[in-house]
Q: 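Following this message is one structure expressed as structure tokens.
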Amino acid sequence: MGGAAQDRVGPGGRQYVPIAEHGLIGDLRSVALVGTDGTIDWYCCPAFDAPSVFASILDAERGGCFELAATVPARTKQFYFPDTNVLITRFFTEDGVGEVQDFMPVGGGRAEAERHRLIRRVVCVRGSIPFRTRVAPRFDYGALPHTVRLTGDTAVFETEGLALALTATVPLETDGPDVRGDFKLSEGESAVFALDKVGGDVTPRRCARTEAEEQFAATVAYWRRWLSSSRYKGRWREMVHRSALTLKLLTYAPTGAIVAAPTTSLPEELGGERNWDYRYVWVRDAAFCVYALLRLGFTGEAEAFMDFVTRHISPGDGKTSGPLQIMYGIDGRTELPERTLDHLEGHHGSAPVRVGNAAADQLQLDIYGALIDSIYLYDKWAKPISSGHWDDVCALVDWVCAHWDQPDEGIWETRGGRKNFLYSRLMCWVAIERAIRMANRRGLPADLPRWRECRDTIYRRIMSRGWCEERGAFVQHEDGDVLDAAVLMMPLTKFIAPTDPKWLSTLDVLTEELVSDSLVYRYDPRSSPDGLRGDEGTFSICSFWYVEAMVHAGRIDEARLAFEKMLTYANHLGLYAEEISHTGEQQGNFPQAFTHLALISAAFNLDRALG
């Protein structure tokens, strides 16, 4: 798995590790990305959307990092300790084999949670190996200077608002604002580094070898206990479970929020400007996550997200974009102002680096369908929703009935002006149709005559103005001829029969024009200008939607081949970024929840079709 990291030199002189050459660890509050070279080059503390402490993935010189590697030439390989989110990076040298075990303890009471501990345990498993570490935090995305104070085996890095304590079982020395250490391990020997957020009631605490072993065992036990709830026993169990473990890492335990991805501004195209901050709760992404987790039997996560919805996503916020925003902060906040960090050069010089997201104010009508569909599934598969929650659903459906025919920015958040997108209409239909089902099944009060009339009007509008006779396909927006992979959701939402002649014709046209070796482009930016320069890669969620659409159309062999091909595009750990380039490399924020939940859904439905 993996191989020597294919480093590429960035403009600043230091080397960038490709996006795919990373593993992910986390504690359900934040995550860290660990490169195959042993460097942590992305970590925000104390939460997903907090300013970064290590961000060399966005600027090799100024971003900050935590290096830990053999000081002699080494091949490296990465894998996860089986059925966990504990990451192992192995170093193979001429004189021995060593490994770095990276993990963040989960649970352990509130005080321990506030510590946000990150543990790096180095073990020499064969022969002897010299190692080196350099811990170079750069607070507030590299904009805020800090002091460092070294006392014995503990170094404290401090700024006005945040202090981190590094404890080590090997000697350290300061090097300007950083600390470093060189040490050699022989077979059976180990060294431990622990990075804690300190302040208030949390004081620096040594992490000796015994404690590190205990926390390693407790973290392994936590992840295995969590995964044991999975009901999936199908053919692609390892990939499905890795996707489930990844989705769990993207949940924010204090509120039940689920982030779209744990990174910001990783480029959709090297040198391009399509760089966005994904460390927030997209209603659409999180709602689809609920579907994937319920499918596998993880009702606790679905319940936690429904609690987040009930507390923070309620109709009537008075926004011009409708009763709901398309995204929220992990704490439910609605203000997510977007700004660029001009002092960071971006991954491989791909500026701008953005934090915050201006798309929060867009009108995207499809989110209502995604949310109400997830509420419908939760009500059906987990537990009945409350009367108060049903009142909110009714308010949302009434709003959709009054506003479904507005042009909007659509699922892809284009910045090229509002259009009458077919996908937005489709998901408005879903919102009303699922609410009708809930009302009928549970006898809940609702304005059913109005809802049915509106649902049927949307259906007829899509069938008449979303269909392009010349192309023989359903298209991106009304009265146009541009193709869009989002229409793959038409049979998946049960809007159209998967064997309907119009749908099969659409599937053929999409296959011909948007599919490349199982990979699916979401649309062609040249024929559908989206207000941004440059091209983009294939969109991985669309590739898994394509597999599902083929399954439903009865094209099982083609679906299986497309799925198996798609699995070869995962990184060495089974992780996916948002997109895949024309040379097969991962692009965009990493890893992306949307892609992993679509993998779970495709695997589940393909498995069922294969029997």
Q: For F216, does the six-membered ring have the charged nitrogen or CZ of R121 within the cation-pi criterion, i.e. under 6.0 angstrom from the centroid and within 45° of the normal?
A: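 Because its charged atom sits under 6.0 Å from the ring centre and within 45° of the axis, R121 does stack over F216.
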Q: Would you check if L118 and I40 make a side-chain contact, meaning some heavy-atom pair closer than 4.5 Å?
A: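 Touching, per the 4.5 Å side-chain cut-off.
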Q: Apply the test side chain to side chain contact (heavy atoms under 4.5 Å, CB included) to residues M327 and N357: give CA-CA distance (whole Å), side-chain angles for both, the deciding distance (0.1 Å), then the verdict.
A: CA-CA 9 Å; M327 73 180 89; N357 201 309; 3.6 Å; yes
Q: Any non-hydrogen side-chain atom of W467 less than 4.5 Å from a side-chain atom of L422?
A: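 With C-beta onward as the side chain, the pair stays apart.
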Q: Scan side-chain atoms only and decide if Q587 and E585 contain a donor-acceptor pair under the 3.5 Å cut-off.
A: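 Side chains of Q587 and E585: no pair found under 3.5 Å.
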Q: Any side-chain donor paired with an acceptor under 3.5 Å for Q364 and R284?
A: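 Their side chains do contain a donor-acceptor pair, which is all the 3.5 Å distance test asks for.
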Q: Which label fits Y291 and W381: parallel for a plane angle under 30°, tilted from 30 to 60°, or perpendicular past 60°?
A: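 Ring orientation, 0 to 90° scale: tilted.
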Q: Run S424 and D366 through side chain to side chain donor-acceptor pair (under 3.5 Å) and show every step you take.
A: CA-CA 4 Å; S424 299; D366 66 283; 4.5 Å; no
Q: Does any part of the side chain of V31, heavy atoms only, come nearer than 4.5 Å to the side chain of I25, both counted from C-beta?
A: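 Sidechains of V31 and I25: no contact.
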Q: Mind running side chain to side chain contact (heavy atoms under 4.5 Å, CB included) on I258 and V281 for me, showing each step along the way?
A: CA-CA 6 Å; I258 303 170; V281 186; 5.5 Å; no
Q: Could you tell me which non-hydrogen atom of D285 sits nearest to which non-hydrogen atom of L597, and how far apart they are?
A: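 Heavy atoms of D285 and L597 come nearest at O-CD2, 3.6 Å.
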Q: Quick check: F544 with F594 (ring centres under 6.0 Å apart)?
A: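 Not under 6.0 Å, so no.
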Q: Could you tell me which non-hydrogen atom of W42 sits nearest to which non-hydrogen atom of S52, and how far apart they are?
A: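 Shortest heavy-atom separation between W42 and S52 comes out as CZ3-CB, 3.8 Å.
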Q: Short question: side chain of S505, backbone of G472 - any donor-acceptor pair under 3.5 Å?
A: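 Looks like yes, one N/O pair under 3.5 Å.
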Q: Under 4.0 Å between a side-chain nitrogen and a carboxylate oxygen: does that hold for R522 and D484?
A: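 No, this pair does not count.
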Q: Tell me if a side-chain donor or acceptor on D59 pairs with a main-chain N or O of E345 at a distance below 3.5 Å.
A: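 Yes; at least one donor-acceptor contact below 3.5 Å.
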Q: Could you check if a side-chain atom of V353 sits within less than 4.5 angstrom of a side-chain atom of L58, using non-hydrogen atoms only?
A: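 Yes; the side chains approach each other to less than 4.5 Å.
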Q: Any chance you could measure E273, atom CD, to T340, atom OG1, to the nearest 0.5 Å?
A: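 OG1 of T340 is found 12.0 Å from CD of E273.
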Q: Quick one: closest heavy-atom pair of S540 and A577, and the distance?
A: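 The pair with the smallest heavy-atom distance is OG-O, 4.0 Å.
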Q: Do the side chains of L24 and P591 get nearer than 4.5 Å, heavy atoms only?
A: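 Yes - at least one pair of side-chain heavy atoms lies under 4.5 Å apart.
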Q: Do we see a donor-acceptor contact under 3.5 Å between the side chains of N85 and Y222?
A: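 Side-chain D/A pair, N85 to Y222: absent.
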Q: May I ask you to decide whether E564 forms a salt bridge with R235, counting only side-chain N to carboxylate O separations under 4.0 Å?
A: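 So E564 does not pair with R235 through a salt bridge.
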Q: Is it true that a side-chain atom of R279 and a backbone atom of F48 form a donor plus acceptor pair closer than 3.5 Å?
A: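 Yes, because the side chain of R279 sits within donor-acceptor range (under 3.5 Å) of the backbone of F48.
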Q: Establish, yes or no, whether a centroid distance under 6.0 Å links the rings of W226 and F298.
A: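 Yes, ring centres under 6.0 Å apart.
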Q: Keeping the roles fixed (side chain from T84, backbone from W223), state whether a donor-acceptor pair exists under 3.5 Å.
A: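 Not confirmed, T84 side chain does not pair with W223 backbone.
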Q: When you check the gap from the basic side-chain N to the acidic O, do K248 and E301 get nearer than 4.0 Å?
A: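 Salt bridge between K248 and E301, a charged N being under 4.0 Å from a carboxylate O: yes.
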Q: Go through the steps to decide whether R242 and Y80 satisfy the test side chain to side chain contact (heavy atoms under 4.5 Å, CB included), and finish with yes or no.
A: CA-CA 9 Å; R242 178 49 51 201; Y80 278 110; 3.2 Å; yes
Q: Please report the C-alpha distance between L507 and L488 in whole Å, then the side-chain angles of each, then the deciding distance to 0.1 Å, and finally whether the side chain to side chain contact (heavy atoms under 4.5 Å, CB included) criterion is met.
A: CA-CA 8 Å; L507 191 54; L488 287 164; 4.0 Å; yes
Q: If you measure from CG on L87 to CZ on F103, what distance do you get to the nearest 0.5 Å?
A: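 Output value for this atom pair is 12.0 Å.
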Q: Any side-chain donor-acceptor pair under 3.5 Å between S230 and H241?
A: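 Yes, side-chain donor-acceptor contact under 3.5 Å.
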Q: Output yes when a side-chain donor or acceptor of T264 lies under 3.5 Å from a complementary backbone atom of R354, and no otherwise.
A: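 Present.
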Q: Whether the N605 and E548 side chains hold a donor-acceptor pair (N or O, under 3.5 Å, no angle test) is what I'd like checked.
A: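 Present: a donor and an acceptor within the cut-off.
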Q: Kindly assign one of parallel, tilted or perpendicular to the pair W412 and Y523, based on the angle between their ring planes and the thresholds 30° and 60°.
A: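 Plane angle between 30° and 60°, so tilted.
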Q: Please report the closest heavy-atom contact between V551 and A609, naming both atoms and the distance.
A: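 What the structure gives for the nearest pair is CG1-CB, 3.7 Å.
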Q: Check the side chains of T39 and E67 for a donor-acceptor pair under 3.5 angstrom, ignoring hydrogens and angles.
A: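 There is no such pair between these side chains.
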Q: If I compare all heavy atoms of L514 with all of A485, which pair ends up nearest, and what's the gap?
A: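 Nearest pair, atom of L514 first, then A485: CD1-N, 3.8 Å.
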Q: How close do N571 and F590 get, counting heavy atoms only, and between which atoms?
A: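 In this case the closest contact between N571 and F590 is ND2-CZ, 3.6 Å.
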Q: For Y232, is the NZ or CZ atom of R295 found under 6.0 angstrom from the centre of its six-membered ring and inside 45 degrees of the ring axis?
A: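 So R295 doesn't make the cation-pi contact.
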Q: What is the distance from atom OG1 of T263 to atom CG of L266, rounded to the nearest 0.5 Å?
A: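 T263 OG1 to L266 CG: 4.0 Å, rounded to 0.5 Å.
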Q: Indicate, with yes or no, if the rings of W429 and F495 have centres closer together than 6.0 Å.
A: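 Judged by ring-centre distance (under 6.0 Å), W429 and F495 do meet the cut-off.
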Q: Apply salt bridge (Lys or Arg N to Asp or Glu O under 4.0 Å) to R471 and E513, showing your working.
A: CA-CA 11 Å; R471 301 301 301 271; E513 297 195 26; 2.5 Å; yes
Q: Side chains of V475 and V487, heavy atoms from C-beta outward: is any pair under 4.5 Å?
A: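 They are not in side-chain contact.
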Q: Mind checking whether Y576 and L567 have side chains closer than 4.5 Å, heavy atoms only?
A: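 Yes; the side chains approach each other to less than 4.5 Å.
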Q: Mark yes or no for whether E21, through its side chain, and H572, through its backbone, hold a donor-acceptor pair below 3.5 Å.
A: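 Judged by distance alone, no pair lies under 3.5 Å.
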Q: Please answer whether the main-chain N or O of L365 pairs with a side-chain N or O of R425 as donor and acceptor at a distance below 3.5 Å.
A: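 Not at all, since once roles are kept as given, no pair shorter than 3.5 Å links the two residues.
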Q: Could you verify whether a donor N or O on one side chain and an acceptor N or O on the other, from Q78 and T89, lie under 3.5 Å apart?
A: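 Indeed, the side chains of Q78 and T89 share at least one donor-acceptor pair under 3.5 Å.
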Q: Just checking, is any N or O donor in the side chain of D524 or Y521 under 3.5 Å from an acceptor N or O on the other one?
A: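 The criterion, which ignores hydrogens and geometry beyond distance, is not satisfied for Y521 and D524.
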Q: Between D102 and R120, is there a salt bridge with N-O shorter than 4.0 Å?
A: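 A salt bridge is present here (some side-chain N lies under 4.0 Å from a carboxylate O).
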Q: Using only atom types and a distance under 3.5 Å, with no angle test, would you say the side chain of S350 pairs donor to acceptor with the backbone of G272?
A: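 Looks like no, no N/O pair under 3.5 Å.
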Q: Short question: side chain of E579, backbone of F539 - any donor-acceptor pair under 3.5 Å?
A: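 Not at all, since once roles are kept as given, no pair shorter than 3.5 Å links the two residues.
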Q: Just wondering, do H596 and I600 contact through their side chains at under 4.5 Å, heavy atoms?
A: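 Counting from C-beta outward, I600 and H596 never come under 4.5 Å.
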Q: ring-ring contact (aromatic ring centres under 6.0 Å, His included) with Y278: which of Y280, W276, W282?
A: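 One option only clears the test, and that one is W282.
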Q: For the backbone of C44 and the side chain of S30, can you confirm whether one donor and one acceptor N or O come within less than 3.5 Å of each other?
A: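 A pair under 3.5 Å: yes.
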Q: Between Y546 and T511, do the side chains contain an N or O donor and an N or O acceptor separated by less than 3.5 Å?
A: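 There is such a pair (donor and acceptor under 3.5 Å, judged by atom type) between the side chains of Y546 and T511.
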Q: How far does CG of L606 sit from CD1 of I556, to the nearest 0.5 angstrom?
A: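 It is 7.0 Å, given to the nearest 0.5 Å.
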Q: Under the side chain to side chain donor-acceptor pair (under 3.5 Å) criterion, do D41 and H22 qualify, and how do the steps go?
A: CA-CA 9 Å; D41 57 13; H22 288 89; 3.0 Å; yes
Q: Indicate yes or no: does K502 engage D500 in a salt bridge with an N to O separation below 4.0 Å.
A: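 Looking at D500 together with K502, the answer is no, because their closest N to O distance does not fall below 4.0 Å.
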Q: Take D508 and R555 through the test salt bridge (Lys or Arg N to Asp or Glu O under 4.0 Å) and record every step on the way to the result.
A: CA-CA 12 Å; D508 289 337; R555 301 176 181 179; 3.0 Å; yes
